[in-house]
Amino acid sequence: MSELPAALRLPVDEAAPALLGHTVTVGDCAGVIVETEAYHETEPACHAYVGRTSRTEVLFHAPGTWYVYRSYGIHALLNAVVEEEGVGAAVLIRALEPLRGLDAMRARRGVTARSDFDLCSGPGKLSQALGFDLEANGTDVLGGPIRLGPPPPGWTSLDVLAGPRIGITKATELPWRFSVAGNRHVSRPRPAG
DNA sequence: CATGGGATTGACT
DNA sequence: GTCAATCCCATGC
């Protein structure tokens, strides 16, 4: 029996950096989280800012649920729901360092992934590499198709960089993008530091 | 019911 | 650097 990672019990701006180093596993493929962003219902960049709707419903669930939504009509973006039931908050998983199943990831990513640094170095890329889609929305982070696990040996006490979030137009002043310092699997643009 | 805007990526100038 | 692809869903008439 695995337990819900303690990081998911933290406020979202602490949960996001705390999830760095944790693993995400789908079937035979796995990666280590190297980049995250925090989103909270009290700031307008968060989908939950508009309140409970059919789209945002999952964001208000208890910690331990995945929120997966379609971005730009093309990509599935993966978020871990955090904070107490009734509060809309989630951590966007933006990049992974591939750990297992790299051949399957390369096959799904195709020729556009010229190197292993292109496999999971972005929120849309990692969903394609791991092979999940919107059907995973609302599933459990422990018992569902996408499983969140603790950091492997050597992935604790990481040096974390914080900076402004990517690709949003509102609340850009919040330093809620977090990444493992110096890790080459982080998405572009690289955070300063 | 029609419209418009993305928590992105990859191809192209 | 610019830009299109593509679809879910919130909003407004």
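Chain naming here is simple, since letters A, B, ... match the order of the sequence lines and numbering starts at 1 in each.
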Length of the CZ-P vector between Arg52(A) and dC9(C), whole Å: 16 Å

Test of understanding: with salt bridge (Lys or Arg N to Asp or Glu O under 4.0 Å), list the residues that count as partners of Glu97(A), not counting sequence neighbours. none

Measure from CD on Gln128(A) to C1' on dT9(B) and round the result to the nearest Å. 10 Å

Side chain of His75(A) only, please: which of dA10(C), dT8(B), dC8(C) is the nearest? dT8(B)

What is the distance, to the nearest angstrom, from the CZ atom on Arg55(A) to the C1' atom on dG4(B)? 13 Å

Quick check: are there more than 12 heavy atoms from other residues, nucleotides or ligands sitting under 6.0 Å from CZ of Phe117(A)? yes

Residue pair Ile93(A) / Asn79(A), side-chain heavy-atom distance below 4.5 Å: no

So, is Ser54(A) close to the dA10(C) phosphate, meaning a side-chain N or O under 4.0 Å from OP1 or OP2? yes

Would you call Tyr39(A) stacked on dA7(B), i.e. ring centres under 5.5 Å apart with the planes less than 30° off parallel? yes

What nucleotide, of dA5(C), dT11(C), dC7(C), holds the atom closest to the side chain of Ile74(A)? dA5(C)

Represent DNA chain C in dot-bracket notation, 5' to 3'. Only Watson-Crick or G-U wobble pairs with both distances under 3.5 Å count; pseudoknot-style crossings use [ ] and interstrand partners use |. |||||.||||||.

Inspect the surroundings of CZ in Arg184(A) and state if more than 12 heavy atoms from other residues, nucleotides or ligands are less than 6.0 Å away. no

Spacing between Lys125(A) atom NZ and dA7(B) atom P, to the nearest angstrom: 18 Å

Separation of dA10(C) C1' from Glu57(A) CD (nearest whole Å): 15 Å

For Arg188(A), answer base if it contacts any base atom (sugar-phosphate contacts may also be present), sugar-phosphate if it contacts only those atoms, and nothing otherwise; contact means non-hydrogen atoms under 4.0 Å. nothing

By nearest nucleotide on DNA chain B, pick out whichever of Cys46(A) and Ala113(A) is the more 5' one. Cys46(A)

Nearest-angstrom distance from the residue atom CG of Leu92(A) to C1' of dA7(B): 5 Å

By nearest atom, which of the nucleotides dC7(C), dA11(B), dA7(B) is closest to the Arg70(A) side chain? dC7(C)

Could you work out which one of dC8(C), dG6(B), dT11(C) sits closest to the side chain of Tyr72(A)? dG6(B)

Rounded to whole Å, the CD1-C1' distance (Ile93(A) to dT8(B)) equals 16 Å

Is it true that Glu37(A) and Arg165(A) have a side-chain N and a carboxylate O under 4.0 angstrom from each other? no

Identify which nucleotide among dG10(B), dA10(C), dT8(B) has an atom closest to any side-chain atom of Ser71(A), counting heavy atoms from C-beta outward. dT8(B)

Would you kindly compare Thr169(A) and Gly124(A) by the position of their nearest DNA chain B nucleotide and give the one closer to the 5′ end? Thr169(A)

Is it the case that more than 12 heavy atoms not belonging to Glu84(A) sit under 6.0 Å from its CD atom? no

Decide yes or no on ring-ring contact (aromatic ring centres under 6.0 Å, His included) for Tyr39(A) and His47(A), but give the supporting numbers first. CA-CA 8 Å; Tyr39(A) 287 89; His47(A) 292 168; 7.4 Å; no

Would you call Arg70(A) and Asp133(A) a salt bridge, using N to O less than 4.0 angstrom? yes

Separation of dT8(B) atom P from Ile168(A) atom CD1, nearest Å, is 9 Å

